[in-house]
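Just below is one structure, and these are the notes that go with it.
Computation of the quantities below employed the complete heavy-atom set of this structure, encompassing side-chain atoms and omitting hydrogens, waters and symmetry-equivalent molecules.
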Protein chains: 2
Amino acid sequence: MNNKNAVERIEYELTTFIRRAVYIDNSENKIGNLERASYLILRQLDEFGPARVKELAESFKLDISTLSRQAGALGGKGLIERSSDPSDGRVSLLTITELGREKLKADKKMRLARYQNMLETWTSDEKELFGELLERMNKAFFD
Amino acid sequence: MNNKNAVERIEYELTTFIRRAVYIDNSENKIGNLERASYLILRQLDEFGPARVKELAESFKLDISTLSRQAGALGGKGLIERSSDPSDGRVSLLTITELGREKLKADKKMRLARYQNMLETWTSDEKELFGELLERMNKAFFD
DNA sequence: ATATATGCTTGTATAATACAAATATATAAT
DNA sequence: ATTATATATTTGTATTATACAAGCATATAT
């Protein structure tokens, strides 16, 4: 039953974490940062290169229409560029712009700083282990 | 710099996790479960006893008006009861009902099952350690 | 050449949220 | 005691993220 307790604790802590993280995201938006959705999109485009709307929607498990609007907003702010795929006129390819990269970098820096601060008393080993466990958990989440 | 990499990984994995967890929460609502907000409120009332609206709002970092409406909804479904505090007529005390407890239990069971399933290949030690690290992280989040 | 499928956008509805105004009650100041 | 101020909650209104459905443009298959 100790096993169950451990899982219960994990569930409890993760649920709590989500609530707080969502709060922080929302309150920080108000002082001029990227919302979580924009951050995720830019991060994805930066890391894996241009992508189409549908691809991103699937990746984030959001409706295509939602992503279409988000892409519109990011385009309006000049953070991404939308070019049409020469091999398929229906597709609009999204590419991160230089400005987008800058914003992403700044945003990431702030986010990292928060985590760094939060984990400053941890040993390197603990941080590495925690990262590994999180990664494994997320991979398991895929199924 | 390995330290930075570890923190980067943690940030990356947690951000990804939030996105997926929110998705799962939303899709499960559609097959008749408690939304995350209701779940958190009931969990809190179950664990720490009756609370006032303001208290819950602060605890979840939501506006009082938001919590007032959520309390209204939970009351409407019979999951909580609202009594007025005898020592202060302004205050409305929220108490989880028997039905609320049942729903909470059922919901928790489902959530735990998902985590249990997700972590089934982990050793007990890994689960315990992960739980501890999460708890420490959340505590640091408080500041 | 026409019908069907696909990718995206736009219209519309819903839900969670914040902020502001209103209401009820409590506390403080004169 | 009466009046002013503070506090707890509710209700009105606006905003935002989202999904679903309809529409439009382009591709593919018959």
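Per the geometry, CD1 belonging to B:I64 stands 18 Å off P belonging to C:dA22, to the nearest Å. Distance, B:K54 NZ to C:dA26 P: 16 Å, rounded to whole Å. Rounded to whole angstrom, the span from the CZ atom of B:R36 across to the C1' atom of D:dT18 amounts to 13 Å. Atom P of nucleotide C:dC8 and atom CG of A:D85 are separated by 9 Å, given to the nearest angstrom. Spacing between atom CG of B:D25 and atom C1' of D:dA17 amounts to 16 Å, rounded to whole angstrom units. The CZ atom of A:R52 sits 16 Å away from the C1' atom of C:dT9 (whole-angstrom rounding).
Looking at residues two or more places apart in sequence or on another chain, you find no salt bridge (Lys or Arg N to Asp or Glu O under 4.0 Å) involving B:R43. Judged as a side chain to side chain donor-acceptor pair (under 3.5 Å), and not counting sequence neighbours, the contacts of B:S65 are B:D63. Legend: residues meeting side chain to side chain donor-acceptor pair (under 3.5 Å) with B:R9, ordered by chain and number and at least two apart, are A:E135. By the salt bridge (Lys or Arg N to Asp or Glu O under 4.0 Å) test, A:K77 is found to be paired with A:E35, residues two or more places apart in sequence or in another chain being considered. Every residue meeting the side chain to side chain donor-acceptor pair (under 3.5 Å) condition with A:R136, not counting sequence neighbours, appears here in chain and number order: B:E126. Residues passing the ring pair (Phe, Tyr, Trp, His ring centres under 6.0 Å) test with A:Y39, sequence neighbours excluded: none. Shown here are the side chain to side chain donor-acceptor pair (under 3.5 Å) partners of A:R82, two or more places apart in sequence or in another chain: there are none.
Here the side chain of A:T66 is nearest to one of C:dA20, D:dT9, D:dT18, namely D:dT18. Side chain of B:D63, nearest nucleotide from D:dA8, C:dC8, C:dC19: C:dC19. Considering only the side chain of B:L62, C:dA18 comes nearest among C:dA18, D:dT10, C:dT9.
Of the residues in residues 74-82 of chain B, those with a non-hydrogen atom less than 4.0 angstrom from any atom of DNA chain D are B:R82.
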Sort me out a list of protein N/O and nucleotides 12-15 of chain C N/O pairs below 3.5 Å, or just none if empty.
unit_1 : atom_1 : unit_2 : atom_2 : d
C:dT12 : O4     : A:R69  : NH2    : 3.3

Tabulate protein N/O versus nucleotide N/O from nucleotides 28-30 of chain D, keeping only pairs under 3.5 Å, one per line.
none

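In this model, no side-chain donor or acceptor of A:S65 finds a partner on the base of C:dC8 within 3.5 Å.
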Please table the atom pairs, donor to acceptor, closer than 3.5 Å between any side-chain atom in residues 44-51 of chain A and protein atoms at least two apart or in another chain.
unit_1 : atom_1 : unit_2 : atom_2 : d
A:Q44  : NE2    : A:S59  : OG     : 3.3
A:D46  : OD1    : A:R101 : NH1    : 2.5

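Hydrophobic clustering of Ile, Leu, Val, Met, Phe, Trp and Tyr side chains at less than 4.5 Å, counting indirect connections, keeps B:I96 apart from B:L93.
Taking for each of B:V53 and A:P86 the nucleotide of DNA chain D with the nearest heavy atom, the 5'-most of the two is the partner of B:V53. Residues A:R19 and A:L93 both approach DNA chain C. Their nearest nucleotides, taken by heavy-atom distance, put A:L93 toward the 5′ side.
For the side-chain hydrogen bond (donor to acceptor under 3.5 Å, both in side chains) condition, the pairs that include at least one residue of residues 83-95 of chain A, sequence neighbours left out, are A:D85-A:S87, A:D88-A:R90.
For the pair B:E13 and A:G131, the tightest heavy-atom approach, listed with the atom from each and the gap, is CG-O, 4.4 Å.
Contact annotation: A:Q70 does not reach the phosphate of D:dT16 (side-chain N/O to OP1 or OP2, under 4.0 Å).
Backbone-only contact: B:S92 has heavy atoms under 4.0 Å from sugar-phosphate atoms and none from a base.
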Exercise. Does the pair B:K61 and A:R20 meet the rule for a side chain to side chain contact (heavy atoms under 4.5 Å, CB included), with working shown?
Worked result: CA-CA 8 Å; B:K61 310 269 199 179; A:R20 294 201 190 137; 5.9 Å; no
